[in-house]
Every structure is written in C-alpha cells, then in structure tokens.
Chemist: 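Here you go, one structure.
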Amino acid sequence: MMTQHSTDCQISYLQDLVSRLRQIENYSVKINILLNEPDVKTFLTTAPGSVVFNHLPRLHPREAYALLCLPAIGQDHVITTLPLNGALVQGLDTLGTNLGLVEEFYDSIGGLVGYQLQCLLLIEEHKYGGATSSIEDATDGLAEDVEFMVPSGLDLSSESDSAAAAAATARGLLGLPNMAEIYPLGGAGDRLGLCCENSGESLPTAVLPYCGRSLLEALIRDLQAREYLYFKVTGAQLTTPVAVMTSSIKGNHWRVQQVFEKANWFGRGEENFKLFPQPLVPVLAAHDAKWLMSGPLQLIMKPGGHGVIWKLMLDAGVFDWLSASGRTAAIVRQISNPMAGQDTTLLALAGEGLRGNHAFGFASCERVKNKDQEEEEANNHHLHTYNSGNKKNASKYSYRVTNVEYTEFERLGIEDKGLSENSEHSAFPANTNVLFLGLPKIEAKIKEGVALGTTDAVLPGMILNLKKESVHIDVVTGVEKKCRAGRLECTMQNLADCFGTEILVENSSSVSKNPSSSVSSAFFINNGGDFSGYFNGDAGTGNGSEDMDDSEFHKSVSSSLDTFMVYGPRRKVTSSAKRQRTPGSLKIHQTPDGSLYDLLRNASDMMRLCNVEMPELGTVAEYLDSGPGFLFFFHPALGPLWSVVAQKIRGGKVGVRSEVQMEVAEVDIEGMDVEGSLLVIADNVLGHYEEKSVVEVSNGNRQQKTGIHNSEKKLVFSDRCGKLRLRNVTIRNKGIDWSHPDNVYWKHKVTRKEACRILLHGEAEFEAADVELRGDVTYEVPDGYKMTVTSGGVELTRLRDQKSILANENGYGKGNGQNQNQTPEPRPKKWSWNYSMPCSSSSSKDNSNIQLQLVD
C-alpha cells in the first residue's frame, strides 16, 4: 500500500516527467529520456528487463516507448512475470499495441504517464472528500461566487409552450439536412449480463434483442422515421451520416459492424456510417494504484467512459467527415435508451439548437428527488459564476447549463429541493445524455484544449470510481484476488462546462446573485413558468434587469447562452435498458422490463390521442407477475409524431390482453376493434430497394481496396411500399398464450394460440371494410397486388394493370376461410397521404402542425 509520502513523491515525479516528455514529439528521443530514468535503469538490469529491452526493436517506436513507460510509472510488475511458453513474443506485441493506443489517445495530457498521474491525483481527491469532477475544477477557488440555479428552457409538455414547441419541432424537421447522428456504443454493458445463446460469450448492449430487434436497429429506425417524415413533407430524401463509437470490449466493434452488414447497412450505404473504436484503458487498484492483470502480460482494460468521444472524433477525422457531408450539428443518443425517439423530443431538441446556433444542448425530464443512488442519475444545473467587476455599477457573470452527478450534491452544497413543498419531483431535472451539438463550436473547443494541454474539453468530467470490486490474478502466485478498483473515465455531457457565456449585469439589479439565495441543480427543469420569452429570443445582456424578478432574469439569460435545454415528459425522453432486473424485485427502473413498461404506456397515450379505447396496462407487480395488459408495437415511421399517427388512425378499441403490431407506415384506419392478436408486417415499410454497384470497403470507410464491385441494395423512399386500410373491421382470435412460461415480453418473444396476420410483400395493399376477421388466419399479399376483404369474400387485384387474378389461386386468405369472389375486378385506385406543413408566422400555434390529406 502506498504511504502518503510515497504518493506525494510519485505525483511530484510524474508531474516533472510529463513536463519534460510533452515538449518532445519524436518517440525515439522520448525513449532515450526514459532509458536514463532511475526506475527504468533498475528494471533493465533484471532478467525480465533484458528480455523486454531485446524485444523493443520489433515494435513501433510509440509501442516501444509505451512498454518503457511501465517501470517509469511504477507498473513494472506488468512486464516482470513473463510467460514461459511461446506466448512471449505475441504477448509483448499485443501489450505494446494496446498501450500504444492509450499513449496516443491521452497524448494531450502526457500519454501513459499523464494517465497514471491523473489517476493518482483523483485517488488523492477520494481521500479528502470524494470524487472530483469538472464542476469542481470550474469552481475551484470561486466557491463564494458560484451559484447553482434551476435552468429555464422550452417545455414540450407545457400548454403555454405549445406554439414554441411546435415551431421547434418544425425547425428541427426542416433542419435535417444540417444534422448528423452520433452513437457512443463503446461501453461494456456489464450490468446487463448479456450473453450469446450459442457460444455463451458476453455481448455488448448494442445487440440486446429489445422488442424483436437489436437496440442498434431501433436507433436507426427512429432516424429513418424522421427522414421519411421529411421526405413526405418536402419530397426530398435525405441520408443522415451516422458516426458510431465502438470499442474492442466483448467484441463490440466487430459485432456492431456485423449488425450493419447483416442489415445491408439498413439500405443507407456503408459510406454513410463511420465506425471508430475507443481505446481501452488500464484498471488500477484503489489501495496501491497498481494496474490489475488477468494473466502474464495481460492487463485488465475497459472503456474509458463516453466522454472520450470528443477527442476521439478529432483523432479519427469524424469532424472532417461530417463537415464534408455539409453537417453543422448533430444529435447524440446512447444505445441503452430506446425512448428518446418518441414523438417530438429529438426534432424539438434539434430545432432549438439550430435556432440559437447553440454549441451544446440537453434533452431533460423530471426526476424524483432524493432518489436511490443505485439509479445513478445526474442532473442539470444553471451555473452562475461571478467573474469580475466591470464598468461603473456593473459586474460580469458567467452562465452556462451544466451537469452535476447526484453523488456530488452534498459536497457542492446543493439541496435536492422539490418543485413545490409537497412535490416528489426535484426542482432539478434529470440528465438523459440525449444531446445537441453545434459541430463547429465543439470542434474548435476540443482543438483549443489539445493545443493548451488542458482536460476540460479533451477529457471532460474526469472521474475515478473506486467503489466496485474487480477480480484479478496475482501473476506471481497465480492466485485469483478481489479488490476495489477503477479506471480513468470521463463524461461526455460535461463538455458543456467549456461553454460559459459572460453576461454584464447592472449592480442595481434586484436580481439576487448571492449563492445562498438560489442553490439548485439539474439538467432541465419544468418550473411551470411561461417560456415564451425564451422562444422569442428577446434576451438582453442584463440591461434593464432591475425591472425583472429572478425567474424572468434567468430565462432572459438562458436564451443568449451557448448551452440550452429542452424539457419533456420522462417517458418521451428516457427509459433505459442498461441493467438486469433482480429476480423477484419490483424495481424495474433502467431495466429492459421497465423500458418496455414505459414504451407501452406511451403507446397507450398515443392511441388515446387517436380516440382508440385502450385497456389498462396494470401495476408493476401485475405486469411482472402475469404480463402486461396489452402489447402494442409500431414502426416509428407511422408517425413519428403522435399528431401524425392520430390522423392515420381514428377511433376503435384494443381489448384486454390483446396484441397489435404494425410494421407499416402507410395506414388509413377507422373503427378498428381488436380482441386477440393483429400482426401487420410489411417488407417495404418506407419505399422500395434499388440495386447499386459499390466498391468494396475496409475498416468502415469506403475505399478502392481491390477494385472488386459488389451489389448493394439502396433504400429509396417512395409510394411503392406496403399499405393498410381498415374500415370498421373487427379482429377476433385467441391471441397470445399469456400463461406460457417462455414468454419474454420485452423481447417481444411470445407464444400465440391464434393471430390475424397481414403480410405485405413489396408494393402491396390490404383493404378490409365492414367485416370480422376471425380465428387463426393469414392474409398474404404478393408484390404488386391489392387484396380486398369484405363480407362478400377476398379479392386479389393487380395494382399496375387491368388484369386481376383470383385470390384462391394461390391460397391467399388462408385460415378458417372467407368466401372468395372469383369475379375479376379492374385495377384498383391507389391511395396515399399528402403531407403539408403550413408556413405561417412564428406567433401562430399552428405554424408547425403537419396536416395530412387523403388522396384517393
């Protein structure tokens, strides 16, 4: 165990070593410096040291340097016990490669030496008051002049903000040509305990089979739904570039790439994706800061937190790639949260960010105050910092929206107060890590941090969580041990701390700036205020603030900041699936069970907006014991806005213990009554596919590798898709066997007794009116045909010419049998929805309502 004296000496030594090494770019020169360091000299006199030294010429200079760093930073044990078999050469090569990547990524703070230095500094922070954070760095020495306040922002759930919310949604939709998507998928996902059913190997969160498909596919479907809505409104098809941060943990990178390849890159083209792996970093023991090992030359390494994404995007050329695509802003989504695509959330967030040319924005929601720390939820705050006196009778303050971890409240003196005296919800909203980025401002800030060698932008919110125990091997004895351990991590949301905005405030203002008067924290807050001033952008720079109360002043300030927040109902913003539910426990927060529960509550709310009568979902206890009161799944392109869905589906009823799945975007339904299971599956939900010749690719980037050309299917948005039309149709069948022991509802893995299945292949239409579809029946419509079902029978007709065929020729309408009319019918009329978005003034509450008109 390190003594305080030894720790202080090591910190002092590493600070000096970092200072000397950072002045040099050439790794050969750096190696010569290390060869003269006392601890390195001592190590090289040993037998293992001689072996390692003789191996160095095989390696890239950076990798050789990385191995020599180990004795210099007190980690010589990593290369002291060497394997006795033929694994020595490969082991040293692999170790050098892995540490070389860490050295490269952390170059702005001194590489491997800087990594160990930061870990030691954070261990010292733990000894004297807990984990450090970028908030602490930002407020260091200014505690008496720092105030945490409840932030103001657009409230998507407030009636008074409805016009502003509609305008933001419209702005976000029409601004899609400027937008990109960024998915940090590199986390280990240990808490899910996800394993391959065939091999038993651990799997990353991205491949969790949620509601019948991987979480990764769910995010792409949400994106395509917004692009499809843009197409329906404007007539233009967009393909948004998607940047994906992966890692090598649990085969994350190749498994993610496998998902994309099996899905033919979702018809988007591989050139519209950029996969970039994050480096894994060493895990170190809390008691002595020694790096843990799983075997000789085998370090235990894990991802360094999602905050590494900013520097990694710079190193991997992601900013350049997005800029070349004409993208100036981006939405960031975490893989474990499939809920953020609900209704208006993402479009409104993008719209607010684009309107104000903001650098950084948060989507936030309500949070139960004093919630269990096990749920690990952070909060957003409006940080107000006194900078200096300025002109006569005026002072300069710095404002920004920031993120504070719940565990930091007590240390920072933040009271987790409620929205009102009896409210269970905190005044400070939750951080959901659904983010908006102004790409040019983000890139400039990161480049500035790299040039200065500071960590605020490069490694924001650095933390060292030493609470968890880690299993490791004592490579000398071969004995398995446990100890508290952690690795250097950083949090992507705390990049916001780099974007403070200075505001000049007149000293005569009645607005309180005393920190004790308003201590608060959160990501976004529903404070019941009228945010119309925020939307209209009438904020000043403090002039005339003497006529404002605190709330008005803070809202006025909010509109001029580089940072902002959008607040929405929790179930429309976040419900993550990041950990297993403990068997027998009713705690479903952040579990797949809990996420499905919220998804179904959203579906119920949406269908009630359609005037469809929905059954009760049931209490959490009932839901876990015997299953949900209903299942309702739909393709997000059905909307994705609920107001759009409400124009496509009008009236009806879904019975208790019924199931509806609508894998279709184009529907015209009125008076649908379901008791049992109704499954509508279209092959072509958004249009048709065209064959495209492409150059073979490598490493996630399109390259002229061999000149070999392959065929790739490109998704083309069009009217050549599956369509469903129901008028006063009753569905009656036995549906799901709710008592079957193999049912896993959050996977949508269920056993059915009976179902009504409507299968639409290619460009196919199904239409039924004034009829009951009873029993276990399948209606399968081939490409290019329309099937019509009435009380008189089943008719199958070609869509594109006058010729028709008989429905019973190929057994269409299988089941307990409708009467099949054998009279040929002429070509049916095609129908479609015409989307329009009135462009009235910003003061109109209808300026962004998308209106649908049926063209028949």
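Note that this is a predicted model, so its numbers are computed, not measured.
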Chemist: Taking the six-membered ring for Trp, are Trp310 and Phe360 parallel (under 30°), tilted (30 to 60°) or perpendicular (over 60°)?
Modeler: perpendicular
Chemist: I'd like to know whether Trp265 forms a side chain to side chain contact (heavy atoms under 4.5 Å, CB included) with Val242, so could you lay out the CA-CA distance, the side-chain angles of the two residues, the decisive distance to 0.1 Å, and finally the verdict.
Modeler: CA-CA 11 Å; Trp265 299 90; Val242 179; over 6 Å; no
Chemist: Please tell me if the side chains of Thr205 and Leu185 come closer than 4.5 Å, counting only heavy atoms from C-beta onward.
Modeler: no
Chemist: Between Thr574 and Val434, is the side chain to side chain contact (heavy atoms under 4.5 Å, CB included) condition met? List the steps.
Modeler: CA-CA 8 Å; Thr574 183; Val434 179; 5.8 Å; no
Chemist: Could you tell me which non-hydrogen atom of Leu68 sits nearest to which non-hydrogen atom of Val40, and how far apart they are?
Modeler: O-CG2, 3.8 Å
Chemist: Give the intermediate values and the outcome of side chain to side chain contact (heavy atoms under 4.5 Å, CB included) for residues Ile73 and Trp291.
Modeler: CA-CA 11 Å; Ile73 61 177; Trp291 295 358; 3.7 Å; yes
Chemist: Check His253, Gln278, Arg255 against Thr246 for a side-chain hydrogen bond (donor to acceptor under 3.5 Å, both in side chains) and give me the one that passes.
Modeler: His253
Chemist: Looking at every heavy atom in both Arg22 and Ile109, which two are closest together, and how far apart are they?
Modeler: CD-C, 4.3 Å
Chemist: Taking atom types as modelled, is there a side-chain donor on Gln118 or Tyr106 under 3.5 Å from an acceptor on the other?
Modeler: no
Chemist: Identify all side-chain donor-acceptor contacts of residues 50-59 below 3.5 Å with residues at least two apart in sequence or on another chain.
Modeler:
from  : atom 1 : to    : atom 2 : distance (Å)
Asn54 : ND2    : Ser50 : O      : 3.1
His55 : NE2    : Asp93 : OD1    : 2.8
Arg58 : NH2    : Asp93 : OD2    : 2.7

Chemist: Are Lys311 and Asp107 close enough for a salt bridge, meaning some N to O gap below 4.0 Å?
Modeler: yes
Chemist: Looking at every heavy atom in both Thr80 and Pro48, which two are closest together, and how far apart are they?
Modeler: O-CG, 3.2 Å
Chemist: Taking side chain to side chain donor-acceptor pair (under 3.5 Å) as the definition, give me every residue that meets it alongside Asp222, ordered by chain and number, with sequence neighbours left out.
Modeler: Arg333
